Participant: 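One structure follows; several queries about it will come next.
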Amino acid sequence: MGMNSAENSADLQPTLQGSKRLVEAIDVQDWDALPSGKKTAIRQAVTPETALSSVAYPDTPAALAAVVTATDHQYLLPCGGGSKLHWGGLVKGRRAESRGQKDGKNSLLVVSTERLNRLVEHAVGDLTVTVEAGMRFTDLQATLAKAGQFLAIDPAYPDRATIGGIVATADTGSLRQRYNSVRDMLLGLSFVRADGQSAKAGGRVVKNVAGYDLMKLFTGSYGTLGIITQVTFRVYPLPEASQTIVLSGAASAIAQATQTLLSSALTPASADVLSDSMAAELAIAGTALAIRFQSILPSVQEQSQRMVAVGQALGLTSVCFADADDTALWQRVQKHMTADNQTDAITCKIGIRPSEAVALLSILKDVAIAPWFGQIHMASGLGRLVLNATSPSETLLKLRSICQAKSGFLSVLQAPIECKQAIDVWGYSGNALPLMRQLKQQFDPDGRLSPHRFVSGI
């Protein structure tokens, strides 16, 4: 058994019901033995006073269930590769008592699913794939590409993000313009409950809708309802051609171009409004609208020409990116719209009516501290702001007020710990809070999983 600490081993073994196979499957690494990079990533996700004991690496769903069962008095922080562990609220792991008894285990145990990384089934003809939660996104895409297919999302940190983490944070990206969100592609999932029992919802076929509501709950739940072990997605054929048209110029003209696009019969894979500062990083002047078409070559060429014509009619400059340049463009946008850790930048998720997207970015330009970058997906009105890491909490609250005044929202994904402690990172006070608390109580009555990470300290 890969234990680095005899004490950790003793904590886990008594309640594993004598199963030698399960015990040997569990590797628990003591906190002091972890690499410094791993420690930093975990520390960014928790309050400074939270005591951290170790990281458990089960490599089968049964071993994961055994870890949860063996530590039934302890707080748990589920994670995959840890790329987005610092998103959301700070986890509070210290606990004095559990179920009326002194449990003596008031430190936080991190439970990683990154070794649950197997391909379970790829039904090429049915356009579905089932994988364990710890499989990395890039590894899955490479496997699907061999059959001429792909998973139609473009999450942050694609080289490190795991499938379970992508579902837990609902991290879809720009491709939601055509393919909708993560939850729309999710056909089934399996998970371990807070009591150590395994459960599942949905199935492995596109027509199976049983348990859809449960899958909807887990998408974006940030590991607070259960630990995902396996997921089934619908996948799509790889497009023959991909090309991006970037229109740039006056904000008012960009706003008109977006309305024309949204009301047209064009079918872009992505359509994002980019702030002036983000466009400048692409050597483009002014507010920009990036429209990506992916299909057979004649369709891509025809739709691209139509958007160029729209831009010309509005006095906008157009630049075409094709083939390798097209891929590089979106990689550059993604690089600037993500930050590796809390000290690099403050990252916010925003939502606004699509018709207000351009106006919102224009207003934020006068409030945010440079450098900052903005990106809003036109179909949904969802987007992201990347702000200067030194931005005071007052600036974040002002930006939130601006979004809320336009019937939108702003939540903080990542920020320095002191900033997260100073404000409500989620900023939600709607009438769904009682229902959210009831669901948390039903799924995790002792509040063991990712405590205080979600909305209103759930």
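Positions are given from 1 along the sequence. Everything numeric in this text was worked out from a predicted model, so none of it was measured.
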Participant: If you count heavy atoms of other groups shown closer than 6.0 angstrom to CG of Asp323, is the number above 12?
Facilitator: no
Participant: State whether the side chain of Gln149 and the backbone N or O of Thr128 hold a donor-acceptor pair below 3.5 Å, judged by distance alone.
Facilitator: no
Participant: I need the minimum non-hydrogen distance between Gln256 and Leu314, along with the two atoms involved.
Facilitator: OE1-CD2, 3.4 Å
Participant: Give a yes or no on whether the backbone of Leu397 and the side-chain of Ser401 come within a donor-acceptor separation of less than 3.5 Å.
Facilitator: yes
Participant: Provide the closest heavy-atom pair for Ala368 versus Leu387 in the form atom of the first, atom of the second, distance.
Facilitator: CB-CD2, 4.1 Å
Participant: Under 3.5 Å, is there a donor-acceptor pair between the side chain of Asp154 and the main chain of Leu175?
Facilitator: yes
Participant: Please check if the side chain of Glu132 supplies one atom and the backbone of Arg118 the other of a donor-acceptor pair under 3.5 Å.
Facilitator: yes
Participant: Roughly how far apart are Glu418 CD and Ile423 CD1, rounded to 0.5 Å?
Facilitator: 11.5 Å
Participant: Tell me the closest heavy-atom pair linking Ala170 and Thr219, and the distance in Å.
Facilitator: CB-CG2, 3.8 Å
Participant: To the nearest 0.5 Å, what is the distance between CZ on Arg176 and CZ on Arg183?
Facilitator: 8.5 Å
Participant: Can a donor-acceptor pair be found, under 3.5 Å and without considering hydrogens, that links the side chain of Gln294 to the backbone of Gln243?
Facilitator: no
Participant: List the steps and the verdict of salt bridge (charged side-chain N to carboxylate O under 4.0 Å, His left out) for Lys38 and Glu114.
Facilitator: CA-CA 13 Å; Lys38 176 77 73 172; Glu114 62 181 299; 3.2 Å; yes
Participant: For the CD1 atom of Ile227 and the CG atom of Leu77, what is their distance to the nearest 0.5 Å?
Facilitator: 9.5 Å
Participant: Using the six-membered ring wherever Trp is involved, compare the ring planes of His336 and Phe373 and label them parallel, tilted or perpendicular (cut-offs 30° and 60°).
Facilitator: perpendicular
Participant: What's the spacing between Leu116 CG and Ile228 CD1 if we round to 0.5 Å?
Facilitator: 12.0 Å
Participant: For Asp159, is there an ion pair with Arg136 - N to carboxylate O distance below 4.0 angstrom?
Facilitator: no
Participant: Within a strict 4.5 Å, meaning less than it, do heavy atoms of the Thr229 and Leu64 side chains meet?
Facilitator: yes
Participant: Would Trp87 and Tyr222 count as a close aromatic pair, with their ring centres under 6.0 Å?
Facilitator: no
Participant: Taking the side chain as every heavy atom from C-beta outward, state whether Leu76 and Val68 have any pair of such atoms under 4.5 Å apart.
Facilitator: yes
Participant: Quick one: does any side-chain atom of Ser107 pair with a main-chain N or O of Ala51 as donor and acceptor, under 3.5 Å?
Facilitator: no
Participant: Going by atom types alone, do Arg292 and Ser242 pair a side-chain donor with an acceptor below 3.5 Å?
Facilitator: yes
Participant: Please lay out, stage by stage, how Thr143 and Leu119 fare under the test side chain to side chain contact (heavy atoms under 4.5 Å, CB included).
Facilitator: CA-CA 9 Å; Thr143 298; Leu119 174 67; 3.9 Å; yes
Participant: Just checking, any donor-acceptor pair under 3.5 angstrom between side chains of Thr224 and Ser221?
Facilitator: no
Participant: Taking the six-membered ring where the residue is Trp, are the ring centres of Tyr428 and Phe409 under 6.0 Å apart?
Facilitator: no
Participant: Distance alone, cut at 3.5 Å: any donor-acceptor contact between the side chains of Arg437 and Ser456?
Facilitator: yes
Participant: Using the side chain to side chain contact (heavy atoms under 4.5 Å, CB included) rule, take Leu396 and Ile346 through it: C-alpha gap first, then chi angles, then the decisive distance, then the call.
Facilitator: CA-CA 9 Å; Leu396 291 175; Ile346 296 173; 3.9 Å; yes
Participant: Under a 3.5 Å cutoff, is there a donor and acceptor pairing between the side chains of Thr390 and Asn388?
Facilitator: yes
Participant: Just how far is it from atom OG of Ser429 to atom CD of Gln404, taken to the nearest 0.5 Å?
Facilitator: 7.0 Å
Participant: For a quick test of reading the model, state the closest non-hydrogen atom pair linking Ala168 to Gly223 and the distance between them.
Facilitator: CB-N, 4.2 Å
Participant: Using the ring of each side chain (for Trp, its six-membered ring), is Tyr179 parallel, tilted or perpendicular to Phe150, with breaks at 30° and 60°?
Facilitator: perpendicular
Participant: Does Ser174 form a side-chain hydrogen bond (donor to acceptor under 3.5 Å, both in side chains) with Ser270? I'd like the steps, not just the answer.
Facilitator: CA-CA 5 Å; Ser174 298; Ser270 306; 4.9 Å; no
Participant: Without swapping roles, check the side chain of Thr169 against the backbone of Gly165 for a donor-acceptor pair under 3.5 Å.
Facilitator: yes
Participant: Give a yes or no on whether the backbone of Leu364 and the side-chain of Trp372 come within a donor-acceptor separation of less than 3.5 Å.
Facilitator: no
Participant: Crowded around Lys200 NZ? As in, over 12 foreign heavy atoms under 6.0 Å?
Facilitator: no
Participant: Show, in sequence, the C-alpha distance, side-chain angles and deciding distance for Gln177 and His377, and conclude whether the side-chain hydrogen bond (donor to acceptor under 3.5 Å, both in side chains) test is met.
Facilitator: CA-CA 7 Å; Gln177 172 75 31; His377 313 312; over 6 Å; no
Participant: Report yes if the side chains of Lys349 and Arg384 come closer than 4.5 Å at any heavy-atom pair, otherwise no.
Facilitator: no
Participant: Strictly distance-based, threshold 3.5 Å: is any side-chain N or O of Asp446 a donor or acceptor partner for the main-chain N or O of Arg448?
Facilitator: no
Participant: Would you check if the side chain of Ser299 reaches a backbone N or O of Ile296 as a donor-acceptor pair within less than 3.5 Å?
Facilitator: no
Participant: Taking the cut-offs as 6.0 angstrom to the six-membered ring centre and 45 degrees off its axis, would you call Arg115 and Tyr57 a cation-pi pair?
Facilitator: yes
Participant: Could you tell me which non-hydrogen atom of Leu413 sits nearest to which non-hydrogen atom of Lys420, and how far apart they are?
Facilitator: O-NZ, 3.0 Å
Participant: Are Ser407 and Arg353 close enough, and set up right, to give a side-chain hydrogen bond (donor to acceptor under 3.5 Å, both in side chains), and what steps lead you there?
Facilitator: CA-CA 7 Å; Ser407 302; Arg353 290 193 300 268; 3.2 Å; yes
